[in-house]
**Q** 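One structure, pasted below without further comment.
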Amino acid sequence: MPGPGLRAARLITELTAPAVLVTVLTMLVGWFGGNGGAHGLAWGLLATVFASGIPFAYIVGGVRRGRLTDHHVGVREQRRTPLLFGLASAAVGWALLAAFGAPRPLLALVAAGVVGLVVAVTVSHWWKMSIHTAVAAGAVVVLVLTFGPPLLAAVPVPVFAGWSRVRLRAHTLPQVLIGGTVGGLVAGAVYGALT
C-alpha cells in the first residue's frame with residue numbers, strides 16, 4: 001500500500017505535468033501580452049491549443065490505442081513520435097500566431113517551446129531527460145522575465161516536480177537536474193532574446 005509520500009508524488013507529478021504547466025503559462029503570457037484583457041486571453045487560448053492541447057490529445061490517443069504505456073510517456077523509446085508531433089503542432093501554432101499578429105511575448109514563449117522540443121527530441125534519442133523538470137524550470141524563468149522578481153516564489157515548482165519524478169522512479173536525479181538546467185537555459189535564452 002502506497003504511503004503518503006508516494007501519493008503526494010503522484011499528485012505533484014500530475015499538477016506539474018508539462019501539459020498543465022504549458023497551459024497555465026501560455027494563458028498567463030497571453031493575458032500579459034494582451035495588456036491584461038480578454039483579447040490577450042483569446043491569444044493565449046489559441047496558443048494553448050497548439051502548444052499543449054493537440055499534443056496532449058495525441059498522447060492520450062496513443063495510450064488508448066496501446067501505442068504508449070502512459071500519458072507521461074515514461075518509456076524513453078516511445079517518446080520520439082509524441083515529441084515530434086508536439087514539435088510540429090507548436091511550430092504550426094507559432095506560424096498561425098505570427099501570421100495573425102499575436103503579442104510578442106506569446107510568440108517568444110511558443111518559440112521557446114519549439115526550441116525546447118527540438119532539444120528534448122534530440123536528447124531523448126539517447127537519454128531520458130526529465131521533461132517535467134525542463135518545463136517547470138523553463139516556466140519559472142519565463143514568469144520571472146515576464147512579471148519580475150516576485151515570481152521567484154515559483155522556484156519550488158521545479159524542485160517539487162523533480163522530487164516527484166525521482167520518488168516515483170520515473171527518473172534518476174541526474175535526469176531531473178539536467179532537465180531542469182536545460183529547460184531553464186532554453187527558456188532564458190530564447191524567451192529572453194525575443195521579448
Side-chain angles (χ1 to χ4, degrees), residues 14 16-30 33 40-139 141-142 161 170-171 175 178-180 182-195:
E14 295 304 327
T16 62
V20 173
L21 293 181
V22 168
T23 297
V24 172
L25 185 63
T26 305
M27 293 302 293
L28 285 171
V29 171
L41 289 175
W43 281 117
L45 183 59
L46 177 61
T48 296
V49 168
F50 289 94
S52 77
I54 293 171
F56 188 67
Y58 178 85
I59 290 170
V60 169
V63 172
R64 287 186 179 156
R65 286 188 282 283
R67 288 193 324 243
L68 303 173
T69 53
D70 64 283
H71 67 283
H72 295 299
V73 195
V75 177
R76 182 187 59 80
E77 293 79 8
Q78 295 178 353
R79 287 182 159 198
R80 185 175 182 81
T81 302
L83 286 171
L84 286 171
F85 185 87
L87 173 60
S89 179
V92 168
W94 184 90
L96 286 172
L97 291 165
F100 290 115
R104 186 178 180 102
L106 197 56
L107 289 171
L109 177 63
V110 177
V114 168
V115 173
L117 282 164
V118 168
V119 172
V121 167
T122 304
V123 172
S124 290
H125 184 71
W126 293 281
W127 198 54
K128 192 183 166 193
M129 177 181 76
S130 172
I131 296 174
H132 269 73
T133 55
V135 172
V141 169
V142 168
H171 289 285
Q175 291 169 340
I178 295 296
V182 168
L185 289 173
V186 167
V190 179
Y191 186 80
L194 297 179
T195 52

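These numbers come from the heavy atoms of this one structure, side chains and all, not from hydrogens, waters or symmetry mates.
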**Q** Tell me the closest heavy-atom pair linking Gly33 and Pro103, and the distance in Å.
**A** O-CB, 3.5 Å
**Q** What's the spacing between Leu41 CG and Met27 CE if we round to 0.5 Å?
**A** 5.0 Å
**Q** Look at the side chain of Arg80 and the backbone N and O of Ser124, then say whether any donor-acceptor pair between them is shorter than 3.5 Å.
**A**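 Side chain of Arg80 to backbone of Ser124, a donor-acceptor pair under 3.5 Å: no, none is there.
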**Q** Mind checking the CD1-CD spacing from Ile131 to Gln175? Nearest 0.5 Å is all I need.
**A** 11.0 Å
**Q** What's the shortest heavy-atom distance between Ala19 and Thr23, and which atoms?
**A**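 Here Ala19 and Thr23 meet closest at O-OG1, 2.7 Å.
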**Q** Return the minimal non-hydrogen interatomic distance between Ala51 and Val22, and the atom names on each side.
**A**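 Heavy atoms of Ala51 and Val22 come nearest at CB-CG1, 3.9 Å.
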**Q** Could you tell me if the side chain of Val114 sits less than 4.5 Å from the side chain of Leu87, heavy atoms only?
**A** yes
**Q** How far does CD1 of Ile59 sit from CD of Gln78, to the nearest 0.5 angstrom?
**A**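 Answer rounded to 0.5 Å: 11.0 Å.
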**Q** Do Leu21 and Thr16 touch side chain to side chain, with heavy atoms closer than 4.5 Å?
**A**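 Of all side-chain heavy-atom pairs linking Thr16 with Leu21, at least one is under 4.5 Å.
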**Q** Hey, are Glu14 and His71 close enough side-chain-wise for a donor-acceptor pair under 3.5 Å?
**A** yes
**Q** Hey, what do you get for CG (Leu25) to CG (Leu106), rounding to the nearest 0.5 Å?
**A** 9.5 Å
**Q** Got Val182 and Val123 here, is their nearest side-chain heavy-atom distance under 4.5 Å?
**A**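 Not in contact.
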**Q** Tell me whether His171 contacts the main-chain N or O of Lys128 through its side chain, where contact means a donor paired with an acceptor under 3.5 Å.
**A**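 The answer is yes, because a donor-acceptor pair under 3.5 Å joins these two groups.
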**Q** Rounded to the nearest 0.5 Å, what's the gap from CG on Leu117 to CZ on Phe85? Could you check?
**A** 12.0 Å
**Q** Report yes or no: is the cationic atom of Arg67 (NZ for Lys, CZ for Arg) closer than 6.0 Å to the six-membered ring centre of Tyr58, at no more than 45° off its axis?
**A**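 Judged by the rule, Arg67 and Tyr58 form a cation-pi pair.
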**Q** If you take all heavy atoms of Pro18 and Val135, which pair is closest and at what distance?
**A** CB-CG2, 3.9 Å
**Q** Give me the atom names and distance for the closest heavy-atom approach of Gly180 to Ala137.
**A** O-CB, 3.2 Å
**Q** Which heavy atom in Leu107 sits nearest to a heavy atom in Ala98, and how many Å separate them?
**A** CD2-N, 3.5 Å
**Q** Nearest 0.5 Å, what's the CZ-CH2 distance between Arg76 and Trp127?
**A** 11.5 Å
**Q** Quick check: do Thr26 and Ser52 have side-chain heavy atoms less than 4.5 Å from each other?
**A** no
**Q** Tell me, which pairs form a side-chain hydrogen bond (donor to acceptor under 3.5 Å, both in side chains) where one or both residues lie in residues 182-195, sequence neighbours left out?
**A** Thr146-Tyr191
